[in-house]
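Sequence lines set the chain letters: A, B, ... in the order given, protein chains first and strands last, and positions in each chain run from 1.
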Amino acid sequence: MIAALVIVPILAGFAVLLLPRRAEQTARWIGVAVAVLAFVAAAASYNAADESARWLSRPFSAAFHVGLGHGVSYWIVLLLTLVTACALLAGSPPWAARGGGPAERTFVAHMLLLLGSMVGVFVARDLLLFALFWDLMLIPVFLAMVASRGRAAVTAWRYLIYNVAGGLVLLLATAAFGIVTGSTDVVGAGSAHAAVGGVAFAWIFGGFAFAFLIKTPVWPLHTWMPDTYADLPSPFAAVVSAVQSKAGLYGFIVIGLGLMPAQMRAAASLMIALGVISLFYGALVALTEADMKRVVAYSSLSHLGLILVALFVFAPTGTPDIVALQGAVVYIVAHGLFSAALFLVLGQIEQREETRLLARLGGLGVRNPKLAGGLTIAALATLGLPGLAGFAGELLIITGIYRAGASWLAAVILVPIIIAAAYMLRLLQDVMNGPQRDDLPQRPDLSFVEGLALAPLVIALVVLGVDPGPVANASAAALQSPSGVALSGEHVPR
Amino acid sequence: MLYTIWLLPLLGAVVLWVLGPQLRERGGILGSAAVGLSFFATLTLYRAAGTTPGVHVPLGSWIGGFTFGLMMDPLSLIWVLVITGVGGLIHVYSIGYMAGDRAVARFFAYMNFFVFAMLTLVLSDNFVGLLVGWGLVGLASYFLIGFWFERPSAVAAARKAFVINVVGDVGLMFAVFVLFSHTGSIAYTDVFARVRDLAPPVLLTACIAIFIGCAAKSAQVPLHTWLPDALEGPTPVSALIHAATMVTAGVYLVARCAPLWDSSSAARELVGTIGAVTALAGAILGIAQWDIKRVLAYSTMSQIGYMIMGVGVGAYEAGVLHFFTHAFFKAQLFLAAGLAIHALAGEQDIRNMGGLARRMPFAFWGMLIGTLSICGVPFFAGFYSKDAVIYGELLDGHPWLYVLGVATAGITAYYMFRMLFIAFFGRDRTQTEHHGEPAHASNVPDWVMQVPVAILMVGTIAAGYLDIGGDNSIWSRFLAPDFAGENLLRTGAPQISDMVSSAVVLVAVVLGFGLAYLRYGAPAALTNAPERLDREARTMPPVLTHGYFVDDLIWALFVRPAQALGMAFGRFLDPVLIDGAVRDTSFLAGVLGWITRRLENGLVRAYAVTIVLGVACFVAYYAFAGIPR
């Protein structure tokens, strides 16, 4: 069942490519159906048993080992399938609509390939498998960008170069990990290797961390990201910013805290520094960006910096702070929901008005009240409105940071919340408010289907904001394992 | 019942929002009904709330010790009554005022949401619930201030109000971390029970953080600049923000956290001083305004300063009483001013009014009674509460704050009567063209707007009578459960008695009135009013017309540097410094461009296959290499 979550979307993706030309609309509904089914199947697999098949025994043992459990993996996979379904429903990118022909099928195919490969990343319980899916999930994004032509093609290459560099280092680190410990089938098995310590592990952790930092991304490795998010067709931007960017943070939780806590602790000050820099840097740039999708991209840099800080908060006793960790998990899901909603709405605006420049937009709220409502809710969730999911995450994270004794850090981290209010309102008001502009094309308001694509995200934001408990309800030890099962005992390598 | 009170306005807001286009004009009746029902439901809880623990309903809990619940004790009850009562009257008034607007239903949805947010704030039994209400109130004000969102000035005002309110949210949030970390709970009762265990620096930090929240929401110096701009919303919104909701939240919070303040004299000094400074600063700015709503806005700032000053020094009952009486007279002043503005098709400049007393006697009487009350004339509500606050300063041993309070009372009389004389006496100076709020042809009868004002008049005159009788008054006995620990810091007996103090304040008020009369009300001043007012407008010192340049200061200290940094990072650092190292600009771009052009020639899929094959080869290699030999 869990393996099917990976395989079926990938196969469906290839199958969609084989559809006849006249079946464009069918392709889209097949895509939606597959994503919805994946969501239902994933939701139903709560606490399902792991599935494993032997793979290698030399030079180290590895397995095709996948699992979902009820921890971080479970919630991220739910988020992923939900966001993918919404993105597919929200409609094809402009180049598909303009070009006609096979574009719609290609779009759906890319989306399904992305879904399958990303599920793979989050269910892999073997480091080698994890590393493979890590590289695999770059390809559909790259292809989607190349297909949209123009400047995006250059961006696509930059995306690929950065991320393949990260992926390569990740693969090397994985291989080194396997050779040193004898097995890579260890994700969620406990930190038996903490005792090994030493120089080798410092390097291995460094390799993992490098890949994770690029993927997230974190300052100063972020420069591939704003262009990528801006040039990607909006449905892809939604999925990439909502979920793919979380792969690195997920890695820090389940591989960093789960397998190498001592190294995590050693790197804490550096990572917190990078996180705080990203937090401020992203917020300040978002304040002045001219392109609305780049505003959201930089806000993402800022928010993910906060989560990174949360992952490296250690109590004086040396254990990770449970409240901060819970907050991080809540915020990972919350950020996924609101950044997806934002990119989908911005995509609708871009498609209607054929521009992303804030200076060109304005006054859309008069004619498009539904579109304005959608953007308002997404923007409010992003700026951390109390009562919505983002606030719950922020509150828990900063409480944890303060509790762990870093009171000054907690105070400093609050400042970007004010900046966030400023840049999100700037985005919202510059697009929707002000007098109507005569030089903008007048387009119809959100259609029913387009609204339907946003509704699940909004509902999830409210539900999670009112009660973040289910997502975060776990002990610190359980949170470090992707399955949500508390890590215990010594892991014996095969 | 508590659920009903709390959720009815939310229900109203949701229904109005969803069914808005269908409801249109009927939306106002629905919105008013939701708030009105909530008010009557509150009345049924009057007796239960007065008992010692009050009414309490648990709501559930999050992970990590965050428990939530609703609570109604005397303090909350007073606020809920004002929010739903005065708020309900403002809703009814709005039916008339907003009739004919394009988006009436949306307006009432926001108004109901505002009431709901405020109820969340005062009904919560813990700090996080309070914080949620705190944030939602900010959001509601954003929606209402920016209600006419095609007007750039309204959009800017809404953004400013929201961002400054977030500054307050963040302060309050920090207080939550401090209190939660050191007491292990967010519930008021638990936190207050453990106040004694807190180290003085921790306590002071928490108090200051809480007060940052109060200052932002209650427009205290230096976070007050959003309040005058907030007038960009329709006039009933101003009444709601200024009288029933929003700006009084800070007063509520300080009064609610009385145990914290009682334990930290340093925090008390800070709050009392800021309140007094705000009272004086607002009153002085009130002198320099020409917009009738701006005069009232600065008077709100000044009166909230009084309340904060009262609760800050420990005169909680007096501060809360001033909130109570202020709710009536300020709502009445705004609504009466709204009658004039409405009748003059959006004119707000008092220089273009004049002689309105004859044209609209009802609005005039509303303004006059409100003015007498706000100035603290005996037998009007404001007299009792303001005197109690001012005398409270003396009781608590703050002679300097007392002097500031008395001076502010005099200035208040001056600027309120200045406004009244210019707008309602003398020759009619109204002009035909207007450029203010949009006016609407309306078929709603006049009484819809007049009855709420008339009801408010009763409160404006009589609300203070509750406090007659000192410590045995109805008011003091009702609030006793909340402020049992009061008087802890009171030092010695005051030098003068209550009566003498009242006389001193009265002298200041009469002086202020006399000056205003001589300059604007005397027959000699009325004859050549236009020229005199013109000259006054030209010679007004810029420091007053620009609100002490606080806006410019905030702009120069925070906004511009942030923008400059953002520009430097985004336009310069990102593309040049960091990316340059990787992209190597022209060369790499050229190569990539070439490869991409090749790919566009239908090779995309071939490339995809290449990558997939590469991955497959890798997997295959390991699969074979891994086979045991």
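- The two residues A:I417 and B:M173 make their nearest non-hydrogen contact at CD1-CE, 4.1 Å.
- For the atom pair B:D169 CG and A:F391 CZ, the distance stands at 8.5 Å (nearest 0.5 Å).
- Annotation: the span from B:F177 atom CZ to A:I397 atom CD1 amounts to 10.0 Å, rounded to 0.5 Å.
- Listed options B:I164, B:N165, B:V167, B:L565 were ranked by heavy-atom pairs under 4.5 angstrom with chain A; first place goes to B:V167.
- Here the closest non-hydrogen pair linking B:F174 and A:S407 is CE1-O, 3.8 Å.
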In a table with atom names and distances, give each donor-acceptor pair under 3.5 Å that connects a side chain of residues 133-147 of chain B to protein atoms at least two apart or in another chain.
from	atom 1	to	atom 2	distance (Å)
B:S141	OG	B:G138	O	2.7
B:Y142	OH	A:Q429	NE2	3.2

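- A:R403 and B:S181 get closest at one heavy-atom pair: CG-OG, 3.6 Å.
- The contact between B:V178 and chain A is made by backbone and side chain atoms together, counting heavy-atom distances below 4.5 Å.
- Between A:Y402 and B:H182, the ring planes lie perpendicular to each other; the angle is over 60°, past the 30° to 60° tilted range.
- Highest contact tally toward chain B, considering only A:I419, A:I418, A:L287, A:V366, is held by A:I418 [criterion: heavy-atom pairs under 4.5 Å].
- Residues in residues 131-150 of chain B take part in these salt bridge (charged side-chain N to carboxylate O under 4.0 Å, His left out) pairs, two or more places apart or across chains: B:R102-B:E150.
- Closest non-hydrogen pair, B:M567 versus A:T288, comes out as N-OG1, 3.5 Å.
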